[in-house]
Amino acid sequence: MYLLGIETSCDETAAAVVESGERLLSNVVASQFDIHRRYGGVVPELASREHLGAIVPVVRQAVEDAGLAYGDLGAVAVTCGPGLVGSLLVGLCYAKALSLAWKVPLIGVNHIEGHIHAVVLEQKQAGREVEFPALALVVSGGHTHLFYARCTAPGDYHYQLLGRTRDDAAGEAFDKVAKLLGLGYPGGPILDRLAPYGNPGSVRLPLACMKGNELDFSFSGLKTAVLRHVRAAAMDEEIERRRQLARSTSRPTVEQLLVLTPQPTLDLIASFQQTVTEELLRHALRAAEEHDVRSMIVSGGVACNSRLRQRFTREAGPWPVYFPSLSLSTDNAAMIAAAAYPKFLRGRFSDFSLAADPSLSL
Amino acid sequence: MRILAIDTTSEFGSLALARDTEIVDVISLHSREGFGHLIFQQIQALLDRHGLRLADVDGYAAASGPGSFTGVRVGLTAVKGLAEAHGKRVVPVSNLLALAFAGEGALRATVLDARRGEIYGAVYDAELRPVVEEVVTPWKRFLELLGDHKVTFVATDFTPFRASLAGTRFEDAPVVTISRALAGAVAGVAARAFSEGRALLPEQVDANYVRRSDAELMWKESR
C-alpha cells in the first residue's frame with residue numbers, strides 16, 4: 001500500500017511516499033529558508049504564500065521520485081496540527097482535494113506524532129523494531145515535549161505527555177541566542193558548528209528549577225542569562241560585525257564566523273549548548289527512570305544537534321536511544337505518511353471536516 | 001465543457017457549476033470560520049445533485065483575490081488539487097474582474113472593501129479590458145485615480161461608499177450591486193479563458209493578493 005504524506009505546518013513544503021509504513025520511496029522538502037532569513041524568523045503569511053506556490057510541484061515530484069503514478073496511491077495523509085494555521089490549511093486543502101478526486105482515504109496526522117514515527121519508519125526500514133514502551137523526546141523550534149509512548153497492539157499507539165516547555169521551545173532558544181549574538185537564522189545549526197571551538201564549562205548558566213511538574217522545561221531564563229552576559233561583556237562591536245556578515249552571506253562558513261568570534265564568545269556558545277543539552281538529557285533520564293520504558297526516541301529539528309546526539313548516545317544508561325537520520329529529524333512528510341499507516345490499518349480515517357488546529361495536542 | 005468554480009475569498013463563499021457559458025447551478029455559502037473544513041462536502045453535494053463525478057469536470061476556476069489572504073488560498077489550493085488529480089487546467093479569476101463581468105456599463109469601476117481604511121479597486125471596459133489597474137488604496141485616492149472617466153460603480157455592497165460621493169463629480173454615477181455569490185461570475189470569466197486557451201496548469205496558478213503582506217510592508221533590516 002502506497003501512502004502519500006503531505007506536511008506544511010511551518011516553513012517547509014514537504015511530500016513523501018511510504019510503502020506499507022516501512023519503506024520510504026521518496027521524500028521531497030522545499031525549504032523557504034531564503035524567504036524568512038531576512039526577517040530573522042518564520043513570517044506566517046509569507047510561509048502560507050510560499051506553500052501555495054510549492055504544493056503542486058512538491059507533491060508531484062514525490063510521486064514521480066517514488067516511481068509511481070497518482071492512481072497507485074492508496075491514501076493521503078496530512079498534518080492537521082500543531083503549526084501555523086495558514087500554512088496547515090494549504091496542505092490540508094490540497095490533501096482533501098486529492099482524497100476527494102481519487103476516492104482514497106484522508107488521514108489527519110499530528111505533527112508531533114509524525115516526529116516520533118520518523119524513528120519507527122527508519123528502524124522498520126532497517127529490519128528492526130523500536131522497543132515500546134518508549135520515552136519520546138520531541139524537540140524542535142516549535143516543540144519541546146516528553147512522551148511516554150506505548151504500542152498496545154500492532155499499529156495501536158498511545159501517548160502520555162510527561163513534560164513540555166512552559167515558554168520557549170529548545171530550538172527557539174537556539175534561534176534567539178544566535179540572533180542575539182548576530183549569528184543569523186536559523187540559529188541551531190550555526191551554534192552547533194561553533195560550539196566545539198569553545199569550552200562548555202567556562203560560563204555558568206542557570207538550569208531552570210521547575211515548580212509543579214518537574215519534567216516540564218523552561219528555556220526563557222537561560223536566554224535571559226545569555227542576554228545579561230552579553231550586555232555585561234560589552235560585545236556590541238563583534239555582534240555588529242557578525243550581523244553584517246549574516247546580511248551579506250546567506251550561509252556563512254565556520255571559518256568566516258570564527259574570524260569574527262573571539263574565544264570568550266565561543267565559550268559562551270559552548271556553555272549555552274551544554275546547558276540546553278544537559279536540561280534535555282536530565283529530564284529524559286528522569287522520565288525514563290520513573291516510567292518503565294524499554295527505549296528512548298529523540299526526534300525533531302534539535303535532534304540534528306551533534307552534541308545532543310553525542311550525549312544521549314553516551315549517557316542514556318541502559319536504554320537504547322533512537323534518532324532519525326538528519327533529513328528526517330527536521331520537518332518532512334515521510335514521518336507523516338509513516339504515522340498515518342497504523343491509522344490506515346485500523347481504519348482511522350478523517351472526513352472532509354478535518355480542521356487545521358494550530359495548538360493540536362497529542 | 002463543464003466548469004466547477006469556487007469562491008472562498010470572503011465570509012460569503014459560493015460554488016458554481018457551468019456548462020460553457022451557461023451557469024447550471026450556484027450554491028451560496030456563509031462561514032465566519034473559513035471554508036477549508038466545509039467546501040469539499042459542498043463540492044461533492046453539488047456534483048451528486050447533477051449526477052456528475054469529478055472526472056466529468058473539464059476545468060476549474062477559483063476567485064483568486066483580492067480578499068481574505070487565507071480564504072484566497074483555500075479556494076486556489078482546492079482547485080489546484082482537484083485539477084492536478086485528473087490532469088485538468090485552472091483559471092484563476094480576479095474578484096474585481098468577476099465583479100466587472102457581472103456588472104454593466106461602458107466603464108465599470110469595481111470596488112471591494114479592503115479594511116484598514118482602504119479599498120481594492122479597478123476599472124474595466126465592457127470587454128473586460130483593464131482601464132485602471134487593480135490597486136489597494138484609500139477610497140478618496142481611488143476616486144482621484146478615476147480621473148475624467150465616466151464610470152459605473154460595481155460592488156457587492158456599495159453602502160459604505162455612497163455617502164462619500166456627495167459633492168463629488170461621481171455624485172450621480174450609476175451603481176450596480178452584484179450578488180455576493182460570485183462563483184457564477186468567476187465561472188463566466190473562466191469559460192472565456194478556457195475557450196481562448198488561456199487556462200493554466202495547476203502549478204502556474206497563484207493568488208492575486210494585490211496587498212503585500214505586513215512583513216513586506218513593514219520590513220526593516222533584521223537585528
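Values below: all heavy atoms of this structure, side chains included; hydrogens, waters and symmetry mates excluded.
Nearest approach of Ala101(A) to Leu82(B), heavy atoms of both residues: CB-CD2, 4.4 Å. For Leu52(A) against Lys80(B), the heavy-atom pair with the smallest separation is O-NZ, 3.1 Å. What you find for Ala85(B) and Leu98(A) is that their closest heavy atoms are CB-CD2, 4.0 Å. The shortest non-hydrogen separation linking Pro57(A) to Glu203(B) is CD-CB, 4.0 Å.
By number of non-hydrogen pairs under 4.5 angstrom with chain A, the leading residue of Leu54(B), Leu76(B), Thr77(B), Leu38(B) is Thr77(B). Ranked by non-hydrogen atom pairs under 4.5 Å with chain A, the options Glu84(B), Glu33(B), Gln41(B), His86(B) are led by Glu84(B). Of all the listed residues (Thr70(B), Val74(B), Val205(B)), the one sharing the greatest number of non-hydrogen pairs under 4.5 Å with chain A is Val74(B). In terms of heavy-atom pairs under 4.5 angstrom with chain B, the leader among Leu100(A), Val59(A), Ile55(A) is Leu100(A).
Atoms CD and CZ, from Glu216(B) and Arg49(A) in turn, are 6.0 Å apart once rounded to the nearest 0.5 Å. Rounded to the nearest 0.5 Å, atoms CZ (Arg73(B)) and NE2 (His51(A)) are 9.5 Å apart.
If you measure heavy-atom distances from Ile43(B) to chain A, the contacts under 4.5 Å come from the side chain alone. With a threshold of 4.5 angstrom between heavy atoms, Ala78(B) approaches chain A through N, CA, C or O but not through any side-chain atom. In this structure, chain A has heavy atoms under 4.5 Å from both the backbone and the side chain of Ser213(B).
Qualifying side chain to side chain contact (heavy atoms under 4.5 Å, CB included) partners for Ala333(A), counting only residues two or more places apart in sequence or in other chains: Glu7(A), Ala14(A), Ala16(A).
Within residues 179-196 of chain B, no residue has a heavy atom under 4.5 Å from a heavy atom of chain A. Taking 4.5 Å as the heavy-atom cut-off, the residues of residues 81-97 of chain A that approach chain B are Leu89(A), Val90(A), Cys93(A), Tyr94(A), Lys96(A), Ala97(A), ordered by number. Proximity to chain A at a heavy-atom threshold of 4.5 Å picks out nothing from residues 92-102 of chain B.
In this structure, Glu45(A) does not pair ionically with Arg212(B), as no charged nitrogen and carboxylate oxygen lie closer than 4.0 Å.
By the 6.0 Å contact criterion, CD on Glu144(B) is enclosed, its count of non-hydrogen atoms from other residues, nucleotides or ligands being greater than 12. Counting non-hydrogen atoms of neighbouring residues, nucleotides and ligands closer than 6.0 angstrom, the CZ atom of Arg19(B) reaches no more than 12 such neighbours.
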